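Shown next, in structure tokens, is the structure this report addresses.
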Amino acid sequence: MIQHAWNLTPQEAVQLQKKLAEKVRVEPLDVENVRLVAGCDISFSAHASAEAPVFAGIVVLERPQLTLKERVGVRTVASFPYIPGLLSFRESPPLLEAWARLSTHPDVLIADGQGLAHPRRFGIACHLGLLLNMPSIGVAKSLLVGHHEAVPNDVGAWQPVVDRGEVVGAALRLKQNVAPIYVSVGHRVDLMSAIRLVLQCRGLTRLPEPTRQAHLYVNALRRGEIPLD
DNA sequence: GCGACAG
DNA sequence: ATCTTGTCGC
């Protein structure tokens with residue numbers, strides 16, 4: 001099991017990403033046999049500070065009905081600032097804490113951010129997948145790197161996201177007349193498998209259900225509408 | 001040096 | 001990410 005310190009300087013974090021990026025595995029995933037899909041997200045209290053309270057949550061849905069099987073949340077503090085390209089050093093520790101409290105065992109994890117569509121090909125989806133040794137997929141609402149052609153206005157339509165001549169992800173449309181989402185490989189999956197799984201996690205909104213429900217959950221936690229265990 | 005920049 | 005109500009459109 002891979003493990004490393006989190007109290008790093010931004011410069012050290014960048015070096016660590018370059019080193020860990022070499023360990024990411026891109027391979028087909030047997031999507032048809034995926035039963036439990038985990039979605040995770042973070043919610044911060046107002047005013048971004050170094051010691052801001054943060055709520056991290058994981059929701060586990062069961063395919064193909066996308067039924068909620070489990071959800072777990074934790075309250076802690078962020079110990080790393082938000083720096084584009086280093087998001088995972090801010091959000092992963094809280095998410096790993098929540099993950100450790102799961103009683104179910106998800107087959108795949110969908111992270112709220114990029115996977116390989118990252119300047120060093122190591123977004124938060126790759127980071128979490130590698131540390132948890134889990135198939136993982138990145139689903140982001142906007143692009144960090146790369147470009148793509150216009151995506152046809154049809155559910156399921158997608159266009160490759162290219163960065164420095166390399167296909168690093170896909171702009172995928174889950175709903176008509178709204179912006180597409182960005183799907184990229186995290187760990188132990190390939191792009192086609194990732195796209196297929198995300199499509200199977202489609203609800204009626206722009207974002208896939210795991211991501212959407214995790215978002216709603218952590219926001220409810222922050223507002224005190226739902227108690228922590 | 002000038003922009004771009006996940007959440 | 002967060003601060004925030006109503007409003008236009010499918």
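The structure presented is a predicted model; accordingly, all values stated were derived computationally and were not measured. Numbered from 1 within each chain, the chains take letters A, B, ... in sequence-line order.
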Between C1' on dA1(C) and CZ on R90(A), what's the gap in Å once rounded to a whole number?
8 Å
Phosphate oxygens OP1/OP2 of dG7(B): is one of them under 4.0 Å from a side-chain N or O of K141(A)?
yes
Within this structure, what is the CZ-to-P distance between F89(A) and dG7(B), rounded to whole angstrom?
18 Å
Contact list for residues 91-101 of chain A, test side chain to side chain donor-acceptor pair (under 3.5 Å), sequence neighbours left out
none
Specify the separation, in whole Å, of atom CD1 of I110(A) and atom P of dG7(B).
15 Å
So does N219(A) get a side-chain nitrogen or oxygen closer than 4.0 Å to the phosphate oxygens (OP1/OP2) of dA1(C)?
no
Do you reckon I124(A) sits in the same ILVMFWY cluster as Y217(A), going by side-chain contacts under 4.5 Å, direct or chained?
no
If you measure from CG on D154(A) to CZ on R173(A), what distance do you get to the nearest 0.5 Å?
8.0 Å
N/O (side chain, R222(A)) to phosphate O (OP1/OP2, dT2(C)) under 4.0 Å
yes
Taking only side-chain nitrogens and oxygens of S88(A), does any of them come within less than 4.0 Å of OP1 or OP2 of dA6(B)?
no
Categorize H215(A) for me: base, sugar-phosphate, or nothing, with a 4.0 angstrom heavy-atom threshold over every strand shown.
sugar-phosphate
Distance check needed: dA6(B) P versus Q17(A) CD, whole Å only.
14 Å
Counting C-beta onward and ignoring hydrogens, is there a side-chain heavy-atom pair between C126(A) and R121(A) closer than 4.5 Å?
no
Sub-3.5 Å donor-acceptor pair from the side chain of Q17(A) to the main-chain atoms of G85(A), do we have one?
yes
Check the distance between dG3(B)'s P and H147(A)'s NE2 and give it to me in whole angstrom.
16 Å
Using atom NE2 of H118(A) as one end and atom P of dG7(B) as the other, report the distance to the nearest whole Å.
12 Å
Is the backbone N or O of H187(A) less than 3.5 Å from a side-chain atom of S136(A), with the two atoms forming a donor-acceptor pair by type?
yes
Which part of the nucleic acid does G85(A) contact within heavy-atom distance under 4.0 Å: base, sugar-phosphate only, or nothing?
base
In this structure, how many angstroms lie between the C1' atom of dA1(C) and the CZ atom of F44(A), rounded?
6 Å
Which parts of residues 170-202 of chain A get close to DNA chain B, meaning a heavy atom less than 4.0 angstrom away?
none
